[in-house]
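Down below is the structure, laid out as structure tokens.
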Amino acid sequence: MDSYSRTEIENIIEKYGNTIYRAAYVQVKNRAQADDVFQEVCIKLLRQKKQIGNEEHLKAWLLKATNDCCKDYWKSAWCRKVTVDHQLVQEERESYGAETTGYLTECMQQLPYKYRMILHLFYYEEYSIREIAKMLHMKENTVSSRLSRGREKLKQIFQKGGKEYEF
């Protein structure tokens, strides 16, 4: 198989763009960085020399690429050395409104990084523990433990916010 044509890439972005963006936003916690991650994943797709198997493999590849780009962001010198003006971040969130970010997304962003992606893949993308483990190159028990701990931490965050939810 050859690389993707322009039309095929446009169709892939149309179909999976929201998925990529949501996964990036949950991990990097702000829209500007999520835009950058989204762009980087699109560039990786453009540079693919061969087409990626079926639709399921393509979606998994896109999510793995998103996860890798987010990890690169957190390891970058920019992220480690530049301090964030939390007032500007709060103003950005308020300018987009609760209907865009959502209470659950806000709560998930308070979780440590290692839980956010697993919860996102499990609940939003509906991958099984086995599929997540394979995608992220982890043991199934590790994914299961992080999923369980992430749920518990998310429940605590919800309860602090005055809302009770069952997980």
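Just so you know, these numbers use all the heavy atoms, side chains as well, and skip hydrogens, waters and symmetry mates. In this chain, numbering begins with 1 at the start of the sequence shown.
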key: Taking every non-hydrogen atom, the tightest pair across Thr66 and Ala24   = CG2-N, 3.8 Å
inquiry  = Distance check, rounded to the nearest 0.5 Å: Lys59 atom NZ versus Met135 atom CE?
reply    = 8.5 Å
query = Nearest 0.5 Å, what's the CD-CG distance between Gln51 and Leu45?
reply = 9.5 Å
query = Do Tyr21 and Val41 have side chains that get closer than 4.5 Å, going by heavy atoms?
reply = no
ask   = Does the distance from a Lys or Arg side-chain N to an Asp or Glu carboxylate O, for Glu40 and Lys44, drop under 4.0 Å?
value = no
ask   = If we only count heavy atoms from C-beta on, is the Tyr73 to Asp36 side-chain gap below 4.5 Å?
value = no
task = Please identify each residue that fulfils side-chain hydrogen bond (donor to acceptor under 3.5 Å, both in side chains) with Glu55, with sequence neighbours left out.
result = Lys15, Tyr16
ILVMFWY cluster, Trp61 and Leu46 together (side-chain gap under 4.5 Å) = yes
Inter-residue atom distance Tyr123.OH - Leu147.CG, 0.5 Å rounding = 5.5 Å
message = Using side-chain heavy atoms (C-beta onward) and a distance below 4.5 Å, is His120 in contact with Gln27?
response = no
Side-chain heavy atoms of Tyr124 within contact of Thr19, under 4.5 Å = no
ask   = Tyr127 versus Val143: any side-chain heavy-atom pair under 4.5 Å?
value = no
message = Counting neighbours of CZ on Arg22 that are heavy atoms of other residues, nucleotides or ligands and sit closer than 6.0 Å, is the number greater than 12?
response = yes
query = Hey, is NZ on Lys64 packed in by over 12 heavy atoms from elsewhere, all under 6.0 Å?
reply = yes
request  = Inspect the surroundings of CG in Asn18 and state if more than 12 heavy atoms from other residues, nucleotides or ligands are less than 6.0 Å away.
outcome  = no
request  = Report, as yes or no, whether the 6.0 Å neighbourhood of atom CD on Glu56 holds more than 12 heavy atoms from other residues, nucleotides or ligands.
outcome  = no
remark   = Between Leu111 and the options Val26, Ile157, Ile118, the side-chain contact (heavy atoms from CB on, under 4.5 Å) test singles out Ile157
query = Would you say Glu8's side chain and Ser5's backbone share a donor-acceptor pair under 3.5 angstrom?
reply = yes
query = Does a salt bridge link Arg31 with Asp35, judged by any charged N lying under 4.0 Å from a carboxylate O?
reply = no
query = Between Lys134, Arg130, Arg146, which is the residue that forms a salt bridge (charged side-chain N to carboxylate O under 4.0 Å, His left out) with Glu140?
reply = Arg130
ask   = In Å and rounded to the nearest 0.5 Å, what is the OG to NZ distance from Ser3 to Lys50?
value = 11.5 Å
ask   = Taking C-beta and beyond as the side chain, do Tyr25 and Val37 meet within less than 4.5 Å on heavy atoms?
value = no
task = Run the numbers on Leu136 and Leu121 for side chain to side chain contact (heavy atoms under 4.5 Å, CB included), then give the verdict.
result = CA-CA 10 Å; Leu136 300 179; Leu121 290 173; 4.1 Å; yes
query = Roughly how far apart are Leu62 CG and Glu125 CD, rounded to 0.5 Å?
reply = 10.5 Å
request  = Measure the OH-CG distance between Tyr4 and Asn11 for me, rounded to the nearest 0.5 Å.
outcome  = 11.5 Å
query = Can you tell me if Ser148 uses its side chain to pair, donor with acceptor, with the backbone of Ser144 under 3.5 Å?
reply = no
ask   = Under 4.5 Å between any side-chain heavy atoms of Leu63 and Ile20, yes or no?
value = no
